[in-house]
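Shown next, in structure tokens, is the structure this report addresses.
Counting begins at 1 with the first residue of the sequence.
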Amino acid sequence: MKKIRKSFIFLVLFLFLISCNKTDVTPTYIVIDKEDIVVSLSNLDLGQFNSPSGLTAHDFSDIWLTANGEKIGSWELPCKIPILETGEVKLVIQPGIKLNAMSTTRPIYPFLSQYTTTIQAVKGQEVLIKPVFNYYSTGLYFPLVENFESAGTEFTSLDTNLPAFSKVYDSELIYQNAYDLTDINTCSGYIQLKDTISSFEVISPEIDLPGNGRSVFLELNYKCDQTLNIGLIISQSSSIPTNENLLVLRSTNGVWKKAYINLTLAVSRNLTATGFRILLSGNKQTTSQADYYFDNIRVLYTY
């Protein structure tokens, strides 16, 4: 009986010592909602744009976080990110995107500077962060911006027998920037296929784009009930232009979406090109009518 009692006492002491040596791993939570993300225009020379409408439009899918120099990783928005640091913690935050409309490819967006802030981290508490991201002030160029706010449009039809862009002003139909209520939009681009018209092809003006691996993106807000094709027409001084198919975007089922399309590889492998044009096209398939809406079409690159 004494041996059993001693063994029981030693077991209690052992468990007590183990419990005393346990590390408290209660985290602090960093909370970020998509609607709290701000894209600032303070670094941009707005004189280069006919209208700033749409420049703050975004659809960031993720947040990349570093805490006190330690990479915490990528987290899908909205996110509640646990960190183990306590006290004063320096956070570095960068926005992530679904590249080429693919949920499996989600890099950091390359045209905005990182957001840095310092918090007081307390175990078990939530810290709400509202990051403000600025466009880079130098080395960033917008060779093409079409927000449909000016007279006319940048895009023209490849075939005069096919429809080109018209404009729609109905507030129920046009793009509205849900993440920036100060971003005033009065109209959107519109292409309708009906009756015997079964397709459209519109192209941008010719633009110069840099190669050598520099980041080049095409971005657009769109809403369509048929597939939308994205292409790049490449001009060469010694031959006829060639068309490179880049991406097919699916029907959006009546909602506006934003696509981030990587042109970097297509441009870099055509170093002898004299210019590039964006090609947007669509085909009416099984329906009697197809509707395509566009807004905030832009090409931007770093140099």
Side-chain angles (χ1 to χ4, degrees), residues 50-51 53-54 57 59 100-102 143-177 185-207 217-236 239-263 266 270 273 275-299:
N50 292 326
S51 166
S53 175
D59 188 17
N100 297 331
M102 297 176 62
L144 175 67
V145 175
E146 176 56 271
N147 56 22
F148 300 98
E149 296 296 313
S150 302
T153 66
E154 295 283 347
F155 285 76
T156 56
S157 178
L158 268 177
D159 185 339
T160 56
N161 294 315
L162 297 178
F165 276 125
S166 59
K167 295 182 181 181
V168 59
Y169 296 85
D170 187 338
S171 61
E172 298 296 321
L173 298 175
I174 67 174
Y175 171 77
Q176 302 286 1
N177 188 349
N185 189 40
T186 64
C187 63
S188 295
Y190 177 49
I191 293 178
Q192 183 181 77
L193 304 179
K194 65 178 183 178
D195 300 328
T196 60
I197 304 298
S198 60
S199 65
F200 76 92
E201 289 183 312
V202 293
I203 57 171
S204 74
E206 190 168 273
I207 54 178
F217 276 29
L218 165 66
E219 301 178 12
L220 72 158
N221 293 102
Y222 67 102
K223 179 173 67 171
C224 56
D225 52 19
Q226 299 284 305
T227 55
L228 171 64
N229 306 304
I230 311 293
L232 192 65
I233 296 179
I234 304 158
S235 298
Q236 304 281 355
S239 61
I240 62 173
T242 58
N243 179 18
E244 183 167 337
N245 295 317
L246 299 175
L247 186 65
V248 177
L249 297 173
R250 297 178 181 177
S251 165
T252 65
N253 296 317
V255 299
W256 281 94
K257 291 190 175 183
K258 182 176 176 71
Y260 298 89
I261 301 164
N262 191 2
L263 304 182
N270 289 282
F276 301 87
R277 297 175 186 265
I278 304 300
L279 172 65
L280 307 175
S281 63
N283 294 277
K284 185 173 63 178
Q285 298 174 356
T286 59
T287 61
S288 59
Q289 180 174 309
D291 298 298
Y292 292 83
Y293 298 87
F294 300 85
D295 219 325
N296 307 317
I297 305 171
R298 63 194 185 202
V299 174

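Residues L232 and N270 fail the side-chain proximity criterion, which asks for heavy atoms closer than 4.5 Å. For the pair L249/I230, a side-chain contact is recorded, criterion being any heavy-atom separation below 4.5 Å from C-beta on. Looking at heavy atoms from C-beta onward, L228 lies out of side-chain contact with T252 at the 4.5 angstrom threshold. When side chains are defined from C-beta on, I234 counts as touching E244, because their heavy atoms get closer than 4.5 Å.
When the options N296, N177, I297 are evaluated for a side chain to side chain contact (heavy atoms under 4.5 Å, CB included) with N221, the one that passes is N296.
Note that the CG atom of N147 and the CZ atom of F294 stand 15.0 Å from one another [nearest 0.5 Å]. S157 OG to I191 CD1: the interatomic distance, rounded to the nearest 0.5 Å, is 8.0 Å. Atom CG in L218 sits 5.5 Å away from atom CG in L263 (nearest 0.5 Å). Here L280 contributes atom CG and R277 contributes atom CZ; the two are 13.0 Å apart, rounded to the nearest 0.5 Å. Taking CG of L193 as the start and CG of D291 as the end, the distance is 8.0 Å to the nearest 0.5 Å.
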Stepwise side-chain hydrogen bond (donor to acceptor under 3.5 Å, both in side chains) test for E146 and S204:
CA-CA 9 Å; E146 176 56 271; S204 74; over 6 Å; no
Does the side-chain contact (heavy atoms from CB on, under 4.5 Å) test come out yes or no for E149 and N50, once each step is laid out?
CA-CA 8 Å; E149 296 296 313; N50 292 326; over 6 Å; no
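Proximity of a side-chain donor or acceptor of S198 to a complementary backbone N or O of K284 within less than 3.5 Å is not detected. In this structure, S188 contributes its side chain and Y175 its backbone to a donor-acceptor pair below 3.5 Å. With T227 contributing its side chain and R250 its backbone, the two residues share no donor-acceptor pair below 3.5 Å. Side chain of N100 to main chain of N262: a donor-acceptor pair is present (N/O by atom type, distance under 3.5 Å, no hydrogens or angles). Without hydrogens or angle criteria, Y292 side chain to S281 main chain gives no donor-acceptor distance under 3.5 Å.
Environment of NZ in K194: sparse, with no more than 12 heavy atoms of neighbouring residues, nucleotides or ligands closer than 6.0 Å.
The aromatic rings of Y293 and Y190 lie parallel to each other, with less than 30° between the two planes, well short of the 60° mark.
Checked against the 6.0 Å centroid threshold, F165 and F148 count as a close aromatic pair.
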